[in-house]
Participant: 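This structure is in structure tokens; I'll ask about it shortly.
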Amino acid sequence: MKILANDGISEKAIKTLDAAGFKVLTTKVAQNQLANFINEEQVEILLVRSATQAKKDLIDACPSLKLIGRGGVGMDNIDVTYAREKGIKVINTPNASSHSVAELTFAHLFSGVRFLYDANRNMPLDGDSRFEALKKDYAKGRELKGKTLGIIGLGRIGKAVATIALGLGMKVIAHDPLQSEATITLSFFDGRSLDFTIQTISKEALLKEADFVTLHIPAQQEVVIGEKEFQLMKDGVGIINVARGGVIDEEAILHALEHEKVAFAGLDVFKGEPTPSIRILMHPRVSLSPHIGAATLEAQERVGDELATQIIEAFGKI
């Protein structure tokens, strides 16, 4: 069976699949050429990450497809229900990238409270001529320890974020309409562990109490954080979104930044991907990254391992 890993896959996974008799193609095919390539090569398994779309038109055009795999958690770039109705198996890797996304959340949080997003722009320009002035500009940083982190969405990634926050000495509050409580386990290098139980609260209560708010939810039909929600927050709150573009109203967050309701934002995802708003990209109090939450070497190896295991379980060794 031929597998097209259109957004890439780890070398380890390729070797595992090859040993099981699968042929893995890693050619990067443009979206508008994807159906032709799949049909010409008689590809039966399509693996994607966030870049490639596997929607109804592609599914209808590619009768050879037997499985579509998403290297990651969210599957909003795949018409999952329609694919399954057509007899195509759809899989993802919900466990593989949680910790990588959680660490990026804190990369943006640390960047925000210590002004690194701005210092890294200005030090190359003025560090040699305005060193003392810049030192003064960035001298009012904050510590995360003792602050309250509000997590919206307490799934696998939200729980991984809570684990890091608790390890830093933060108070963690959470909102998740699908669960009333969650157990967070801190595991230490020496094998010991410690459990914490977090009771979820209403979104409104979370927004009023949190010093920092981070979102870990799938794509939504409507914004989750807009003008009304910003008004509920403390002055000087920090906002992190490494979930999906569109869950925060970008016009509302720009307004909140300009009026200092929001001290800083950390954004890895954007409504207009792959062409984000220039106003967001140029704002001096936004820490930016280009949708790289799961893009660590460790996560990609775990993603490949999970995909390979599920494929072999589904079809056996060829």
Participant: Before you tell me yes or no, could you show the steps for Ile78 and Val48 under side-chain contact (heavy atoms from CB on, under 4.5 Å), namely the whole-Å CA-CA distance, both residues' side-chain angles and the distance that decides it to 0.1 Å?
Facilitator: CA-CA 9 Å; Ile78 302 171; Val48 303; 4.1 Å; yes
Participant: Out of curiosity, does Ile91 fall in the hydrophobic cluster containing Met75 (side-chain heavy atoms, cut-off under 4.5 Å, transitive links)?
Facilitator: no
Participant: Any sub-3.5 Å donor-acceptor pair from Thr275's side-chain atoms to Gly272's backbone N or O?
Facilitator: yes
Participant: Answer with yes or no whether the hydrophobic clustering places Val24 together with Val43; edges join I, L, V, M, F, W, Y residues whose side-chain heavy atoms lie under 4.5 Å apart.
Facilitator: no
Participant: Identify the residue among Val161, Leu109, Ile292 that makes a side-chain contact (heavy atoms from CB on, under 4.5 Å) with Leu104.
Facilitator: Ile292
Participant: Determine whether Leu168 and Val101 fall in the same hydrophobic cluster, where Ile, Leu, Val, Met, Phe, Trp and Tyr are linked whenever their side-chain heavy atoms lie under 4.5 Å apart.
Facilitator: yes
Participant: Which heavy atom in Thr296 sits nearest to a heavy atom in Ser100, and how many Å separate them?
Facilitator: OG1-OG, 2.6 Å
Participant: With side chains defined as the heavy atoms from C-beta onward, is the minimum distance between Leu307 and Arg70 less than 4.5 Å?
Facilitator: no
Participant: Report the distance from atom CD1 of Ile173 to atom CD1 of Ile201, rounding to the nearest 0.5 Å.
Facilitator: 4.0 Å
Participant: Please test Phe315 against Glu44 for side-chain contact (heavy atoms from CB on, under 4.5 Å), starting from the C-alpha separation and ending with a verdict.
Facilitator: CA-CA 11 Å; Phe315 298 104; Glu44 294 175 90; over 6 Å; no
Participant: Provide the closest heavy-atom pair for Pro63 versus Asn39 in the form atom of the first, atom of the second, distance.
Facilitator: CD-OD1, 3.8 Å
Participant: Are any of the side-chain nitrogens in Asp76 or Arg244 under 4.0 Å away from the carboxylate oxygens of its partner?
Facilitator: yes
Participant: Grouping I, L, V, M, F, W and Y whenever their side-chain heavy atoms are under 4.5 Å apart, do Ile184 and Phe212 come out in a common cluster?
Facilitator: yes
Participant: Do the non-hydrogen side-chain atoms of Lys89 and Lys66 ever get within less than 4.5 Å of each other?
Facilitator: no
Participant: Between Asn95 and Arg302, does the side-chain hydrogen bond (donor to acceptor under 3.5 Å, both in side chains) criterion hold? Intermediate values first, please.
Facilitator: CA-CA 8 Å; Asn95 299 308; Arg302 291 192 296 267; over 6 Å; no
Participant: Under the side-chain hydrogen bond (donor to acceptor under 3.5 Å, both in side chains) rule, what do Thr200 and Asp176 come out as? Steps first, then yes or no, please.
Facilitator: CA-CA 6 Å; Thr200 57; Asp176 191 318; over 6 Å; no
Participant: Evaluate the side-chain proximity of Arg130 to Asp137: yes if any heavy-atom separation is below 4.5 Å, no if none is.
Facilitator: yes
Participant: Could you go step by step and tell me if Val73 and Arg156 meet the side-chain contact (heavy atoms from CB on, under 4.5 Å) rule?
Facilitator: CA-CA 9 Å; Val73 182; Arg156 291 178 178 87; 5.8 Å; no
Participant: So, are Lys2 and Glu41 salt-bridged, with charged N and O less than 4.0 Å apart?
Facilitator: yes
Participant: Is any side-chain heavy atom of Phe196 less than 4.5 Å from a side-chain heavy atom of Leu186?
Facilitator: yes
Participant: Could you state the interatomic distance from CD1 (Ile3) to CG (Leu25), rounded to the nearest 0.5 Å?
Facilitator: 8.5 Å
Participant: Is the shortest distance from a Lys or Arg side-chain nitrogen in Asp235 or Lys261 to a carboxylate oxygen in the other one below 4.0 Å?
Facilitator: yes
Participant: So, for Asp118 and Pro284, which heavy atoms are closest and what is the spacing to 0.1 Å?
Facilitator: OD1-O, 3.6 Å
Participant: CD of Gln179: more than 12 outside heavy atoms within 6.0 angstrom?
Facilitator: yes
Participant: Listing request: all ring pair (Phe, Tyr, Trp, His ring centres under 6.0 Å) pairs with a residue in residues 213-266, at least two apart in sequence or in separate chains.
Facilitator: His255-His259
Participant: Assess whether side-chain contact (heavy atoms from CB on, under 4.5 Å) is satisfied between Ile45 and Leu4, documenting all intermediate values.
Facilitator: CA-CA 6 Å; Ile45 298 172; Leu4 173 60; over 6 Å; no
Participant: Would His99 and Glu298 count as a side-chain hydrogen bond (donor to acceptor under 3.5 Å, both in side chains) here? Give the steps.
Facilitator: CA-CA 10 Å; His99 191 75; Glu298 295 87 351; over 6 Å; no
Participant: So does Lys147 get a backbone contact from the side chain of Asp211, meaning a donor-acceptor N/O pair under 3.5 Å?
Facilitator: no
Participant: Decide yes or no for Arg84 and Val80: does some side-chain heavy atom of the first lie under 4.5 Å from some side-chain heavy atom of the second?
Facilitator: yes
Participant: Between Asp249 and Lys271, is there a side-chain N and carboxylate O pair less than 4.0 Å apart?
Facilitator: no
Participant: Counting C-beta onward and ignoring hydrogens, is there a side-chain heavy-atom pair between Val29 and Ile38 closer than 4.5 Å?
Facilitator: no
Participant: Look only at the side chain of Glu260 and the backbone of Gly236, and say whether a donor-acceptor pair between them is shorter than 3.5 Å.
Facilitator: no
Participant: Do the charged groups of Arg192 and Asp190 touch, with an N to O distance under 4.0 Å?
Facilitator: yes
Participant: Working to the nearest 0.5 angstrom, can you tell me the gap between Ser64 OG and Leu46 CG?
Facilitator: 9.5 Å
Participant: Roughly how far, to the nearest 0.5 Å, is the CD1 atom of Ile152 from the CD1 atom of Ile239?
Facilitator: 8.0 Å
Participant: Within the distance-only criterion (no hydrogens, no angle test), does the side chain of Ser97 pair as donor or acceptor with the backbone N or O of Ala299 below 3.5 angstrom?
Facilitator: no
Participant: Not counting sequence neighbours, which residues clear salt bridge (Lys or Arg N to Asp or Glu O under 4.0 Å) with Asp305? List them please.
Facilitator: Lys12
Participant: Looking at Arg285 and Ala265, would you say the former's side chain and the latter's main chain have a donor-acceptor pair under 3.5 Å?
Facilitator: no
Participant: Applying ring pair (Phe, Tyr, Trp, His ring centres under 6.0 Å) as the test, list every pair that has at least one member in residues 151-195; sequence neighbours left out.
Facilitator: none
Participant: More than 12 heavy atoms of other residues, nucleotides or ligands under 6.0 Å from CD of Glu227: yes or no?
Facilitator: no
Participant: Locate the shortest heavy-atom distance separating Ile198 from Ala174; write the atom from each residue and the value.
Facilitator: CG2-CB, 4.1 Å
Participant: State whether the side chain of Gln300 and the backbone N or O of Ala294 hold a donor-acceptor pair below 3.5 Å, judged by distance alone.
Facilitator: yes
Participant: Counting C-beta onward and ignoring hydrogens, is there a side-chain heavy-atom pair between Leu288 and Phe270 closer than 4.5 Å?
Facilitator: yes
Participant: Just verifying a value: how many Å separate Lys28 NZ and Phe37 CZ, rounded to the nearest 0.5 Å?
Facilitator: 12.0 Å
Participant: Which pair of non-hydrogen atoms, one from Glu306 and one from Thr93, has the smallest distance, and what is that distance?
Facilitator: OE1-CA, 3.2 Å
Participant: Tell me whether Leu267 is reachable from Leu215 by hopping between hydrophobic residues (I, L, V, M, F, W, Y) whose side-chain heavy atoms are closer than 4.5 Å.
Facilitator: yes
Participant: Are Arg279 and Glu250 close enough for a salt bridge, meaning some N to O gap below 4.0 Å?
Facilitator: no
Participant: Hey, are Glu209 and Lys234 close enough for a salt bridge, meaning a charged N less than 4.0 Å from a carboxylate O?
Facilitator: no
Participant: Run the salt-bridge test on Lys23 and Asp18 with the 4.0 Å N-O cut-off and return the result as yes or no.
Facilitator: no
Participant: With rounding to the nearest 0.5 Å, note down the distance linking OG1 in Thr26 to CG in Asp7.
Facilitator: 11.5 Å
Participant: Identify the heavy atoms of Ala83 and Val90 that sit nearest to each other, and give their distance.
Facilitator: CB-CG2, 3.7 Å
Participant: Can you tell me if Leu297 has over 12 outside heavy atoms packed within less than 6.0 Å of its CG?
Facilitator: no
Participant: Is there side-chain contact between Ser10 and Val303, with heavy atoms separated by less than 4.5 Å?
Facilitator: no
Participant: Checking side-chain contact (heavy atoms from CB on, under 4.5 Å) against Val213, which of Ile248, Val262, Leu207 comes through?
Facilitator: Leu207
